[in-house]
Amino acid sequence: MPGADNRIRGLLRPGPLQVRGQILSQLNWEEVNIFSWQLLYNPLARTPKPFAGISFFAASACKIVSVKIVTRFAPSPTGALHVGAARTAIFNWLFSASLGGDFLLRIEDTDRARSEEKFERQIIESLKWLGLEWQGEIVRQSERLDTYGRLAERLIDEDKAYRCYVTTEELGRRREEAKEKGEVFRYRREWSQLGAAPGKPYAVRLSVPPGEKISVEDLVRGGIVFNSSEIEDFVILKADGFPTYNFAAAVDDAQMDISHVIRGDDHIINAPRQILIAEALGFSKPKLAHVPMILGADGKKLSKRHGAESVTEYRLRGYLPEAVLNYLVRLGWSFGDQEIFTAQELIEKFSLKGIGKSPSVFDPQKFLWLNGKYLRDLPEESISEKIVPLITQKGLPRPSSERLCKVVAQMRERSETLNAIVDQSLYFFTDDFEYDEKAAEKFLVERNGEIFTLLAEELSNVEDFSHDNIHGGFERVMQRTGLGLGKIAQPARVALTGSTKSPGIFDVVEILGRDTVALRLARAIDFISSRIA
RNA sequence: GGCCCCAUCGUCUAGGGGUUUAGGACGCAGCCCUCUCAAGGCUGAAACACGGGUUCGAAUCCCGUUGGGGCUACCA
């Protein structure tokens, strides 16, 4: 979008800056200039104090000058959506959403050997689950082969590209040789006729003029300059007629009117190649922002090819989409000291300025904590809803929603994931549970048999089976035995839940209900006598 | 090897020449609460990679060193 800055500058003048009828600031000339510059989304420009809410300002100003922001997420369907890719999707989505632009989805399925439709479905499912909505139709590169072929032909006609007949085996050999000699092998045009023969399959390579400076204006890291001599005549169209990544990406970004590309650092090396392609074609070039990568605990790139974890996997483990979104966006991006953001807040507060330059290590512990935090904030009903399928999956009957809500109210404070809630509360949904071995050994002992008998008796006398009345029942057992609550509650806990860990004992008793409690106390008494015998 | 990127507590990060005895969060430790486990509250330990500059003054700017990472495909 050439000239956008001038258009903005033309429309922004010193004086009151009004947005939605509100005077937000009095601009002087210096501010107008800084502001105009910032509207080009250069996060390196410092935000002057009055412009704390830059993305809000920028969004408004974008509307004024109708600069269309278009971002895209362009995964290759060669695996599930892994967290690193998900994060770049989130950044792109937020960037366009914060500026009132469009966010598009493009499937880069040009690797015929590795692309699979099921992965595409899985990626789409994950994006929807995260709440990342895209605009318009999904673009599939495999459906645009004609376009790439035509454009490659055009470049050949214009002598900006040429056919290469050398086989990959031959190239591999040459690279080996060069390496052994400590040299760097770069394919150059003079080899283009090697092995040429009519009808023989060929790839198309771009002629890269050596000795030229290619500068990349990166919105996160600033200017990076490459020397074209370091770039070989790379392939743009493979022998099978499919485009290479760089060619397809450069062509599509231009034809889809992508204004900003936010992607992983590992693509920084591709930037000069895509610029070369766009220039050869006379196409527009999107603004680039390379975000640092996500590393594993070992400091190595977190990648799906290294078996990294996918969004799907986290969903299956009982993570909430809000938490995944929040955790991933905070990995490499920050807004002061704030840790928790709603999606709406992110849209308001996101800007490229907050993206750091150094790679981030994925921390499963903090992720888990954040998920727990979200779990505690969610209404009980909506957690219950999400949990029902997890319960029925275990072959248990669907519990009443009243009981489920009570269980959730108790368990969400002690669990970090949906799955953990279910796993730790099975005794609420089935009588078929084992006593924890150590717990039974310590608490299901002879002297406690009497306590259980008394407790059963007192609880059977409780009329309204509610928390406070149950408490009263326990009090009476305490009086009759002269024991403290701990001496009674803990054995009872084991009898009722099989474990030494549970919500408060009165809550457990209330939720289980009169009959179940009686049953389980009797079972514990039986267990004790069978043990003694 | 070549090219490129990066460098604040173990981890995510704030900070962008003086406001800093470097702030917050996870994790860790202790205390409080307490029928267990959690949750919650409070307290604590914990970092500017190193060396040179520039400057009255450097975590902050510059250079170098070291360390880490990425790319180096007819993968994306």
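Here is how names work: the chains are called A, B, and so on, in the same order as the sequence lines, proteins then strands, and each is numbered from 1. Keep in mind that what you see is a predicted model, and the values were worked out from it rather than measured.
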If you look at every strand shown and take non-hydrogen atoms under 4.0 Å, does A/I268 touch a base, only sugar-phosphate, or nothing?
sugar-phosphate

Please state the C1' separation for the pair B/C9 and B/G24 - nearest whole angstrom.
12 Å

Side chain of A/D266 only, heavy atoms from C-beta on: which candidate in B/U8, B/G70, B/G1 is closest?
B/G70

The side chain of A/S334 lies closest to which of these nucleotides: B/A76, B/C74, B/A14?
B/A14

Just how far, in rounded Å, is P of B/C35 from CG of A/N448?
18 Å

Any base atoms under 4.0 Å from A/I236, or only sugar-phosphate, or nothing? Heavy atoms, all strands.
nothing

Distance, C1' atom - from B/U60 to B/A7, rounded to whole angstrom:
14 Å

Under-3.5 Å donor-acceptor pair between A/R221 side chain and B/C5 base
no

Determine, stepwise, if the pair A/S466 / A/D468 fulfils side-chain hydrogen bond (donor to acceptor under 3.5 Å, both in side chains).
CA-CA 6 Å; A/S466 69; A/D468 290 352; 6.0 Å; no

Across every strand shown, the nucleotide meeting Watson-Crick or G-U wobble geometry with B/A49 (both distances under 3.5 Å) is B/U65

Separation of atom CZ in A/F341 from atom P in B/U13, rounded to whole Å
12 Å

Would you kindly give the CG-to-C1' distance between A/N227 and B/U72, to the nearest whole Å?
15 Å

Would you call A/Y435 and A/F443 a side-chain contact if the rule is heavy atoms closer than 4.5 Å?
no

Polar pairs (N or O, both sides) under 3.5 Å between protein and nucleotides 22-28 of chain B?
{"from": "B/G23", "atom 1": "N2", "to": "A/D337", "atom 2": "OD1", "distance (Å)": "2.9"}
{"from": "B/G24", "atom 1": "N2", "to": "A/E339", "atom 2": "OE2", "distance (Å)": "2.9"}
{"from": "B/A25", "atom 1": "O4'", "to": "A/E339", "atom 2": "OE2", "distance (Å)": "3.4"}
{"from": "B/A25", "atom 1": "N3", "to": "A/K366", "atom 2": "NZ", "distance (Å)": "3.4"}
{"from": "B/C26", "atom 1": "O2'", "to": "A/K366", "atom 2": "N", "distance (Å)": "3.3"}

Paired with B/A38 by Watson-Crick or G-U wobble geometry, both distances under 3.5 Å: which nucleotide is it?
none

Nearest-angstrom distance, C1' atom, B/A47 to B/C28:
16 Å

Apply side-chain contact (heavy atoms from CB on, under 4.5 Å) to A/E217 and A/K287, showing your working.
CA-CA 7 Å; A/E217 265 313 309; A/K287 299 203 175 296; over 6 Å; no

Between B/C56 and B/U20, how far is it from one P atom to the other, in whole Å?
23 Å

Run the salt-bridge test on A/R163 and A/E153 with the 4.0 Å N-O cut-off and return the result as yes or no.
yes

Donor-acceptor pair (no angle test) under 3.5 Å: A/R493 side chain, B/C35 base
yes

I'd like to know if A/K501 and A/D436 make a salt bridge, using a cut-off of under 4.0 Å between side-chain N and carboxylate O.
no

Take a 6.0 Å sphere around CD of A/E190 and say whether it holds more than 12 heavy atoms from other residues, nucleotides or ligands.
yes

Quick one: which of B/C37, B/A76, B/A73 gets closest to the side chain of A/E232?
B/A73

Is the distance from OP1 or OP2 of B/G40 to the nearest side-chain N or O of A/K373 less than 4.0 Å?
yes

A/Q410 and A/F428: CA distance, side-chain angles, deciding distance, side-chain contact (heavy atoms from CB on, under 4.5 Å) verdict:
CA-CA 11 Å; A/Q410 292 299 326; A/F428 283 118; 5.8 Å; no

Give none if B/C26 has no partner; otherwise give the nucleotide forming a Watson-Crick or G-U wobble pair with it, both distances under 3.5 Å.
B/G10

Contact class for A/L331 (heavy atom, under 4.0 Å): base, sugar-phosphate, or nothing?
sugar-phosphate

Side chain of A/T168 only, heavy atoms from C-beta on: which candidate in B/G40, B/C74, B/A7 is closest?
B/C74

Given the P atoms of B/G67 and B/G30, what is the spacing between them in whole Å?
38 Å

On RNA chain B, compare the nucleotides closest to A/D507 and A/D109; which residue's is nearer the 5' end?
A/D507

May I ask you to say what A/T110 touches in the nucleic acid, namely base, sugar-phosphate or nothing, with a heavy-atom cut-off under 4.0 Å?
sugar-phosphate

Among the nucleotides B/C74, B/C4, B/A7, whichever has the atom closest to the side chain of A/S358 is B/A7

Only one of A/Y374, A/F362, A/Y319 clears ring pair (Phe, Tyr, Trp, His ring centres under 6.0 Å) with A/Y327; which?
A/F362

C1' atom, B/U66 versus B/G51: distance in rounded Å?
10 Å

Of the options B/C74, B/G69, B/C3, whose atoms approach the side-chain atoms of A/K300 most closely?
B/G69

For a quick test of reading the model: is some side-chain N or O of A/T244 closer than 4.0 Å to OP1 or OP2 of B/A76?
no

Could you give the CG-to-P distance, from A/N270 to B/A73, as a whole number of Å?
12 Å

What is the distance, to the nearest angstrom, from the NZ atom on A/K357 to the C1' atom on B/U8?
15 Å

B/A76, OP1 or OP2 - any side-chain N/O from A/K238 closer than 4.0 Å?
yes

What's the closest nucleotide to the A/R376 side chain, out of B/C71, B/A76, B/G40?
B/G40

If you find the nucleotide of RNA chain B closest to A/G299 and the one closest to A/V235, which residue's nucleotide is nearer the 5' end?
A/G299

Side chain of A/L295 only, please: which of B/G69, B/G1, B/A76 is the nearest?
B/G69

Using Watson-Crick or G-U wobble geometry with both distances under 3.5 Å, which nucleotide pairs with B/C71?
B/G2

Just to be sure I understand the rule, does A/R412 reach a base, reach only the sugar-phosphate, or reach nothing, if contact means heavy atoms closer than 4.0 Å?
nothing

Worked verdict on A/Y148 versus A/F242 for ring pair (Phe, Tyr, Trp, His ring centres under 6.0 Å)
CA-CA 8 Å; A/Y148 308 124; A/F242 275 63; 9.0 Å; no

When the P atoms of B/C71 and B/U55 are considered, how many whole Å apart are they?
42 Å

Rounded to whole Å, CG of A/N246 lies from P of B/A76 at a distance of 9 Å

Counting side-chain heavy atoms from CB outward, which of B/C71, B/A7, B/A38 is closest to A/K301?
B/C71

For A/M293, report the nucleic acid contact type (base, sugar-phosphate, nothing); a contact means any heavy atom under 4.0 Å.
sugar-phosphate

Distance check, C1' atoms only: B/C37 and B/U19, in whole angstrom units.
45 Å

Is there a Watson-Crick or G-U wobble partner for B/C56 with both distances under 3.5 Å, and which nucleotide is it?
B/G18

Given atom OH of A/Y245 and atom P of B/A76, what is their separation to the nearest angstrom?
9 Å

Rounded to whole Å, please give me the gap between CG in A/L237 and P in B/A73.
19 Å

With a 4.0 Å cut-off, would you call A/R263 and A/E108 a salt bridge?
no

Over all strands shown, is A/G332 touching base, sugar-phosphate only, or nothing at heavy-atom distances under 4.0 angstrom?
sugar-phosphate

Is the closest basic N to carboxylate O distance between A/K181 and A/E177 below 4.0 Å?
no

